[in-house]
Amino acid sequence: MESKDQKMLREFNLTLPVSASDIAPLKVGDAVFLNGLVFTGREGLYDMIFEKKKEPPIDIRTLGGATINASPTVRETEPGVYHVPSITGTASFRFAKYMSEFLKRYKIRFLIGKGGMSSEVYKTCFQPNGAVYLTTIGYGMGAVYGRGILGVKDVAWKEELGLAQAMWVLEVENFGPFIVECDTQGASLFEQVNDEINDKFLRLYEDLPKFAMKRMGEIGSAKEEIM
Amino acid sequence: MIRGTSILDAARELNVRAAIDIPKDAYQKVEQLSRQETNRLSSYVLGKILENYDAATKDRVAMCADTGLPRYYVKIGNDAVIEGGMVQLEKALRQATADTTVSIPLRPNRVHPFTRKDNNNNVGMHAPTVDYSFEPDVDWVDITVTHKGGLFGGDYRMLFPADGIPGLKRFFLDSLAEFLRRGMACQPATIGVGVGGTKDMCVRLAKEAACLRIVGDRNPDPEIAKLEEELAEIGTSAGFGPMGFQGNSAVLDVHIEVAYAHTGGMPVGIQQFCYAQRRKTVRIFPDNSIEYREDPRWFTPYYRRETIE
Ligand code: SF4
């Protein structure tokens, strides 16, 4: 499957739900396309489940184990019938604290979102649950991802959470590409590339003096002065 | 007289074009970066970004599903006469925002900050934001809309004359470190830098510099223009591509705007306008004819004037 073209990544096209052996070959930096059902979830959904302790009216366990931290653009073509022309991931790090329970309780294999989480979260929450993290690409790829959405199968908590925060169950085909940011080994692609970049980047600071006035965070504690 | 219906129709069409069609200057710059990029991951992503621009235009859907916060910049000719006055104009912009939220659709991003109540139309208290400027000796009205993502890429810091340009460069690097990693700013981005004025003014200028000047535009002050090129070079050589992967393709351009500051201070605002550069401008003439364009031409010599007149 490895391509000779330098611009290509290894691409995998998978049908949901997937088994442990289906995702074992995925390595950080691979590209993935999905088929089946994917449901959306962000602040509103996690808040309902974990802070308000409510179970969604749709049984998540029956949906295929793939969720995306995102909200779609939605048009209601007739009452109760929705069209989703585009979708864009939102930054996942804000939801890290729910992952350990969320992945386990709902048997999630693919957590899709923007920008990943820390390898600590991967090692403690993702790896033990056999889940991998897929990052959306570039992030503003609404139109390309929209092409992979066949339709809306269901929606939960639309009135309670509004269009942007509701849980949308989407029927998808060749939905992608997403890049494997954390594979079953629990490593983070983003942390790897940060290490590669830092030497060169930090050298740019070399001749620049320190700021005249510091800020909170640059002083060690609130007892110190910023001068 | 410029009619309210002309403003409403034009503002609706403006939002459609902004949400869907990438301006040529940004497209061409991403194409150029994509040709030059040698890192495999960065190059793959840039290729997909171009594919996404094409898909949005072809399918007539929003290029990014985070349709940001619609924001209007209105430049009013000193001799322009608007039917119903400024109140009518503001109402038309709010109406167009609500209408196109449903018709395009845009994502209803605007919520009450505490209750998180969503009117599902991107309209609310101080939303959408409308900024005004004026232009002497003309009778048209220019309306620019931008849809800009709102969470990452911006920062503010009070610097001092003692910090000077080296301090500005350090703060610029800090903002790259914060927001280019993992691609939180959705680079390649246009980076706007506002220097001087007050806290709020430098942040506002940074946003206008990022969103309202096209890629390749230089500040008319040669010293500032030189600094723009220097910062762009720093941004390029920082080693980032899209998504924080290795590369040399994080920056579309750097634009700097300045305002006279307090004699003891040098406040700096920095804003990044992501590669989903939703920006379009329309000019409405007194005979209600309209012209659309991609260059907002917001920074006129009059807008940047230093003198009393
Ligand atoms: S920063 Fe821009 S491209 Fe990225 S998700 Fe937000 S609006 Fe879209």
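Numbers restart at 1 for each chain; the letters A, B, ... are given by sequence-line order, proteins then strands.
- Contact of L161(A) with chain B is not made at all, since no heavy-atom distance falls under 4.5 Å.
- In this structure, D118(B) contributes its side chain and G162(A) its backbone to no donor-acceptor pair below 3.5 Å.
- Only the backbone of T136(A) comes within contact range of chain B, with heavy atoms under 4.5 Å apart.
- Rounding to the nearest 0.5 Å places OG of S92(A) at 10.0 Å from CZ of R182(B).
- For chain B, the nearby parts of P209(A) are the backbone and the side chain; heavy atoms of each come within less than 4.5 Å.
- Counting heavy-atom pairs under 4.5 Å between each of A177(B), G164(B), A276(B), G149(B) and chain A puts A177(B) at the top.
- At a 4.5 Å heavy-atom cutoff, R203(A) makes no contact with chain B through either its backbone or its side chain.
- Counting only residues at least two apart or on different chains, the salt bridge (Lys or Arg N to Asp or Glu O under 4.0 Å) pairs with a member in residues 97-107 of chain B are R12(B)-D99(B), D66(B)-R107(B).
- If you tally non-hydrogen atom pairs under 4.5 Å between each of S86(A), G140(A), A91(A), A164(A) and chain B, the highest count goes to G140(A).
- Of all the listed residues (H83(A), R147(A), E76(A), K114(A)), the one sharing the greatest number of non-hydrogen pairs under 4.5 Å with chain B is R147(A).
- Contact annotation for T101(B): neither backbone nor side-chain heavy atoms come within less than 4.5 Å of a heavy atom of chain A.
- Donor-acceptor pairing under 3.5 Å is recorded for the side chains of N198(A) and R181(B).
- The closest side-chain heavy-atom distance from F245(B) to I197(A) is not below 4.5 Å.
- Contacts between I179(A) and chain B at a heavy-atom distance below 4.5 Å involve the side chain alone, from C-beta outward.
- Of the two parts of V74(A), only the backbone, made up of N, CA, C and O, holds a non-hydrogen atom closer than 4.5 Å to a non-hydrogen atom of chain B.
- By number of non-hydrogen pairs under 4.5 angstrom with chain B, the leading residue of Q165(A), M141(A), K200(A), E191(A) is M141(A).
- For D207(A), no part sits under 4.5 Å from any heavy atom of chain B, backbone or side chain.
- Heavy atoms of E181(A) lying under 4.5 Å from chain B belong exclusively to its side chain.
- Most heavy-atom pairs under 4.5 Å with chain B: of the set L189(A), V193(A), I137(A), this distinction falls to I137(A).
- Y205(A) contributes a side-chain N or O that, together with a main-chain N or O of D174(B), makes up a donor-acceptor pair within less than 3.5 Å.
- Looking at R40(B) and L9(A), their side chains come closer than 4.5 Å, going by heavy atoms from C-beta outward.
- Taking P105(B) as the reference, T73(A), R75(A), P85(A) meet the side-chain contact (heavy atoms from CB on, under 4.5 Å) condition, with sequence neighbours excluded.
- Y139(A) places no side-chain N or O within 3.5 Å of a backbone atom of G183(B) that could act as its donor or acceptor partner.
- By the 4.5 Å heavy-atom criterion applied to side chains, N52(B) and Y145(A) are not counted as neighbours.
- Geometrically, R157(B) engages F211(A) in a cation-pi contact, judged by NZ or CZ lying under 6.0 Å from the ring centre and within 45° of the ring axis.
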